Enquirer: 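This is the structure, below, for whatever I ask next.
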Amino acid sequence: GLTGDKGPTGDKGPAGDSGTASIDYYEDYLTSTVQMPTTGSWYAGPSLTLPAGTYLITAFVTFRRTATTATIWFARLSDGTNHYASGQAYTPSVSGSCITVSLSAIVTLTDTKTIMIQGTTSAGTTACLMINALSASTVGNNATKISAIKIG
């Protein structure tokens with residue numbers, strides 16, 4: 001058969017949004033150096049209090065040893081009960097050694113929780129530090145940071 005005639009053009013639809021997206025973003029930095037004097041004790045770094053939802057959480061923690069002793073450093077993202085990501089690194093027996101451990105996790109929270117960076121060491125003394133600023137070429141308190149973006 002033959003194709004029928006084209007029908008009339010419909011009414012114009014409603015205008016769409018302006019194209020700007022709203023992003024829920026949270027971040028916190030370590031504001032002062034934390035000494036880690038006891039081997040195996042977990043020391044708190046920066047934290048975020050997040051409402052219920054699903055988040056991409058990223059973090060990095062910078063450790064420094066101001067005395068000689070080989071050291072294993074441990075870091076985790078935790079709410080104090082649940083541990084969402086962990087990592088470790090090693091520095092040799094050299095005073096002034098620094099290392100950065102990066103962490104990330106997708107976390108779904110059913111209610112408001114505080115998520116924090118925690119760090120510990122295999123050779124705890126006051127010479128073991130979670131640092132807030134680089135030991136040289138400092139550019140502010142940004143050597144240890146936690147961030148979250150709400151994704152759901």
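In this text, all values refer to a predicted model and were calculated from it rather than measured experimentally.
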Enquirer: To the nearest 0.5 angstrom, please state how far the OG1 atom of Thr49 sits from the CG atom of Asp79.
Expert: 11.0 Å
Enquirer: Which value, rounded to the nearest 0.5 Å, describes the distance between Leu129 atom CG and Thr121 atom OG1?
Expert: 10.0 Å
Enquirer: In Å and rounded to the nearest 0.5 Å, what is the NZ to OG distance from Lys145 to Ser102?
Expert: 11.5 Å
Enquirer: Mind checking the CD1-CD spacing from Ile149 to Glu27? Nearest 0.5 Å is all I need.
Expert: 10.0 Å
Enquirer: Could you report the tightest heavy-atom contact between Ser97 and Pro92, atom names first, then the distance?
Expert: OG-O, 3.7 Å
Enquirer: For the side chain of Arg76 and the backbone of Trp42, is there at least one donor-acceptor N/O pair under 3.5 Å apart?
Expert: no
Enquirer: About how many Å separate OG1 of Thr31 and CG of Asn142, when rounded to the nearest 0.5 Å?
Expert: 12.5 Å
Enquirer: Under 4.5 Å between any side-chain heavy atoms of Thr112 and Pro51, yes or no?
Expert: yes
Enquirer: Is Thr91 reaching over with its side chain to a backbone N or O of Cys98, donor-acceptor style, under 3.5 angstrom?
Expert: no
Enquirer: Hey, does Pro46 have a side-chain heavy atom less than 4.5 Å from the side chain of Tyr29?
Expert: no
Enquirer: Run the side chain to side chain donor-acceptor pair (under 3.5 Å) check on Thr62 and Thr100 step by step: do they pass?
Expert: CA-CA 4 Å; Thr62 304; Thr100 300; 3.0 Å; yes
Enquirer: Do Ser104 side-chain atoms and Thr58 backbone N/O form a donor-acceptor pair below 3.5 Å?
Expert: no
Enquirer: Would you check if there is a donor-acceptor pair between the side chains of Ser95 and Thr68 at a distance under 3.5 Å?
Expert: no
Enquirer: Minimum heavy-atom separation for Ala123 and Thr69, please, with both atom names.
Expert: CB-CG2, 4.0 Å
Enquirer: With rounding to the nearest 0.5 angstrom, report the CD1 to CD1 distance, Ile151 to Ile23.
Expert: 12.0 Å
Enquirer: Of all heavy-atom pairs between Ser47 and Met116, which one has the smallest distance, and what is that distance?
Expert: CB-CB, 3.7 Å
Enquirer: Residues sharing Leu109's hydrophobic cluster, by side-chain heavy-atom contacts under 4.5 Å among ILVMFWY, directly or via others?
Expert: Tyr26, Leu30, Val34, Met36, Tyr43, Leu48, Leu50, Tyr55, Ile57, Val61, Phe63, Trp73, Leu77, Tyr84, Ile99, Val101, Leu103, Val107, Ile115, Ile117, Met130, Ile146
Enquirer: Lys150 and Ala52: which non-hydrogen atoms are nearest, and at how many Å?
Expert: NZ-O, 3.4 Å
Enquirer: A side-chain contact here means heavy atoms from C-beta on lying under 4.5 Å apart; do Ile131 and Thr33 qualify?
Expert: yes
Enquirer: Looking only at side-chain N and O atoms, does Ser122 offer a donor or acceptor that is under 3.5 Å from a partner on Thr71?
Expert: no
